[in-house]
Amino acid sequence: MKTISRWLTSPWRRSIAAALAGALPVLAFPEPSWWWFAYVALVPWMALIRSAPTGRRALYDGWWGGFGFMLAMHHWLLPNLHVFTLVIAALLGALWAPWGWLVRRFLPAGPSPGRVTAALLVLPSGWLLIELVRSWQGLGGPWGVLGSSQWEVEPALRLASVGGVWLIGFLVVAVNVAVAVLVAVRGCRVAAVAGLVATAVAASAAWVWSPRPDVEGRVRIGVVQPGVIQGAGAPDRRFDREEELTRELAGQGADLIVWGESSVGYDLDDRPDFARRLAALSRETGANILVNVDARRSDKPGIYKSSILVGPDGRTGARYDKMRLVPFGEYIPARSLLGWATSVGKAAAEDRRRGTEQVVMDAGHGLRIGPMVCFESAFSDMSRNLVADGAQVLIAQSATSTFQQSWAPEQHASLAALRAAETGRPMVHATLTGVSAMYGPSGQRLAWLGTSESTSVVYDIPLADGVTPYVRFGEWPVYAALLIMAAWCATEGARIGRLRLRRQPTPEPRERPAHTPDESPARGAH
């Protein structure tokens, strides 16, 4: 230990160690998917922060750890954004600097049991507020929030129906804090064990209390995944392949067929031949087809990504324009300042335009669907709003061909499991090149088409009724975290106020003037 301490006296070595420790939680996400590792992944980072000689150094340890986490989570952007990936990771990593200070504040050498108990509430709350801030679409969105690492764990999915991915994240961080205390703080192990027991009790109560989705009927949904098609004439050749694969679904009783993001590369008004071919496919298969058009519109200026429903007689009129765009991939924030990103990587040469509202579509056969496009599936509020508006099935149309050989396709497909569990509605994640996936209303995986497949499939999807606590009450764990942090700030402010009062010098009593025999104050001689 002394050798390690001496090695960490160098600020640069300590910063590298913090970045490596901060990157560890990424192993809990796809592709490794070591979900169990999430419950201890923060312990090395917290141990390093605890050893910080000053509060300022703890801020740096938090910042460098956040940088490592963001860089590891988005490492697959490096071939496209190059050095700008490092800039983004450094900017977002700064969000964890205050959290580093909090770790050192609550878990110093020899903390009291009361302080450890408070740490089990304050540190997870601080983490949740960081995830809340970085979930803003302008900062990249909620890709890689810690709770989403539990997408394959049935008890965690049950928790998602109660408090969304936020509740899972809070409990995962709380377990990490308790484990860190068990490992490093001998005198407070009772408090740490009590924290673990309380977490287990809360999770068990949610397991017992949370309502299960009431399955009522089934619907058959087809997914068309054409695979990687590049080079000259790619939009036309992709459409030909999608048409071929869709024809294979004829006679399979599909109620709806879904194509991936950017599956049609032309505005259908500019290519009426495409519109006619889609209508013919709908008649042949007996199902409406949800396509995604990525093109310059003929009825208004700009490029839009739009989910469009096509029936036997052509377009049904149902259209959803993507609202939350991918920073740098589909637009460049503050282009006048950051437009240079196009010179160092494959950033958007022209900003896509945004839609203005979410849409629930009548897909025929009595089915109401809620479409989202690409990384909109990362935003839990969007799926919650769609279900509150009556969507029976959530659908995400995606394309991750740019990152085909990375962890991105698996990470993206896993998000739909959380959205299904949160809302109690099945979700379909349809992509051009994989991974495409389908999940039941409890988040259970029903289908998984890998990145090497070019195929079309139809699956029975169970429909569910009822309202989950998350749909009813929304992001209440975030509000609880805000209240916890506000209460701590008020308590800390009161404590500092009392200390200042104690440190103020007591005023010395003033001497009373001498009195003459007639009780009048003595006066000096004139």
Side-chain angles (χ1 to χ4, degrees), residues 22 25-26 28-29 38 41-42 45-46 59 62-63 65-67 69-70 73-74 88-103 106 119-151 156 159-177 202 323-327 333 372 375-385 388 411 415 418-419 421-423 468-490:
V26 176
F29 293 82
L42 300 180
W45 187 7
M46 288 192 288
L59 287 168
W63 189 343
F67 168 79
F69 180 60
M70 287 289 93
M73 182 59 67
H74 300 91
I88 294 171
L91 292 174
L92 292 178
L95 294 172
W96 275 270
W99 191 77
W101 183 88
L102 280 176
V103 170
F106 279 90
L120 291 168
L121 294 174
V122 174
L123 295 183
S125 297
W127 185 281
L128 236 61
L129 296 187
I130 293 168
E131 293 193 328
L132 175 66
V133 172
R134 78 175 183 91
S135 292
W136 179 47
Q137 184 263 328
L139 291 179
W143 189 283
V145 295
L146 193 57
S148 62
S149 65
Q150 306 302 295
W151 66 285
L159 289 175
S161 71
V162 177
V165 70
W166 309 103
L167 179 59
I168 303 173
F170 185 97
L171 295 178
V172 168
V173 178
V175 171
N176 273 275
V177 174
M323 297 171 60
R324 297 183 181 174
L325 305 177
V326 179
M372 292 172 281
F375 94 139
E376 288 182 331
S377 64
F379 294 87
S380 53
D381 64 310
M382 296 193 74
S383 55
R384 183 168 65 88
N385 292 338
Q411 286 181 10
L415 297 175
L418 275 300
R419 304 293 86 84
E422 288 169 341
T423 59
T468 66
Y470 174 71
V471 171
R472 187 182 302 276
F473 301 112
E475 284 78 13
W476 65 264
V478 175
Y479 305 139
L482 284 168
L483 288 175
I484 290 170
M485 294 302 296
W488 174 73
C489 289

Pairwise side-chain contact, [X] with [Y], heavy-atom cut-off 4.5 Å (strictly under):
X      : Y      : answer
Ser380 : Trp166 : yes
Trp143 : Leu415 : yes
Arg134 : Val145 : yes
Pro327 : Gln137 : yes
Phe29  : Ser148 : yes

- [ ] Please test Thr468 against Glu422 for side chain to side chain contact (heavy atoms under 4.5 Å, CB included), starting from the C-alpha separation and ending with a verdict.
- [x] CA-CA 7 Å; Thr468 66; Glu422 288 169 341; 5.9 Å; no

Task: Minimum heavy-atom distance Gln150-Ala38, with the two atoms named - done: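 Between these two residues, the closest heavy atoms are NE2-CB, 3.5 Å.
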
Task: Closest non-hydrogen atom pair between Ala119 and Pro124, with its separation - done: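 It is O-CD, 3.3 Å.
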
Task: Step-by-step side chain to side chain contact (heavy atoms under 4.5 Å, CB included) determination, Arg419 to Met382 - done: CA-CA 9 Å; Arg419 304 293 86 84; Met382 296 193 74; over 6 Å; no

Quick one: [atom1] on [X] to [atom2] on [Y], what's the gap to the nearest 0.5 Å?
X      : Y      : atom1 : atom2 : value
Ser161 : Leu167 : OG    : CG    : 9.0 Å
Leu171 : Ile168 : CG    : CD1   : 8.5 Å
Thr423 : Asn385 : OG1   : CG    : 11.5 Å
Arg324 : Asp381 : CZ    : CG    : 4.0 Å
Leu92  : His74  : CG    : NE2   : 7.5 Å
Ser135 : Ile130 : OG    : CD1   : 11.5 Å

Task: Derivation and outcome, side chain to side chain contact (heavy atoms under 4.5 Å, CB included), residues Asn176 and Met46 - done: CA-CA 9 Å; Asn176 273 275; Met46 288 192 288; 3.8 Å; yes

With a 3.5 Å cut-off and sequence neighbours excluded, list the donor-acceptor pairs that the side chains of residues 475-487 form with protein atoms.
| unit_1 | atom_1 | unit_2 | atom_2 | d |
| --- | --- | --- | --- | --- |
| Glu475 | OE1 | Arg384 | NH2 | 3.2 |
| Glu475 | OE2 | Tyr470 | OH | 2.6 |
| Trp476 | NE1 | Val162 | O | 2.9 |

Task: Set of side-chain contact (heavy atoms from CB on, under 4.5 Å) partners for Trp127, sequence neighbours left out - done: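 With sequence neighbours excluded, Trp127 shows a side-chain contact (heavy atoms from CB on, under 4.5 Å) to Leu42, Trp45, Trp96, Trp99, Glu131, Leu146, Val173, given in chain and number order.
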
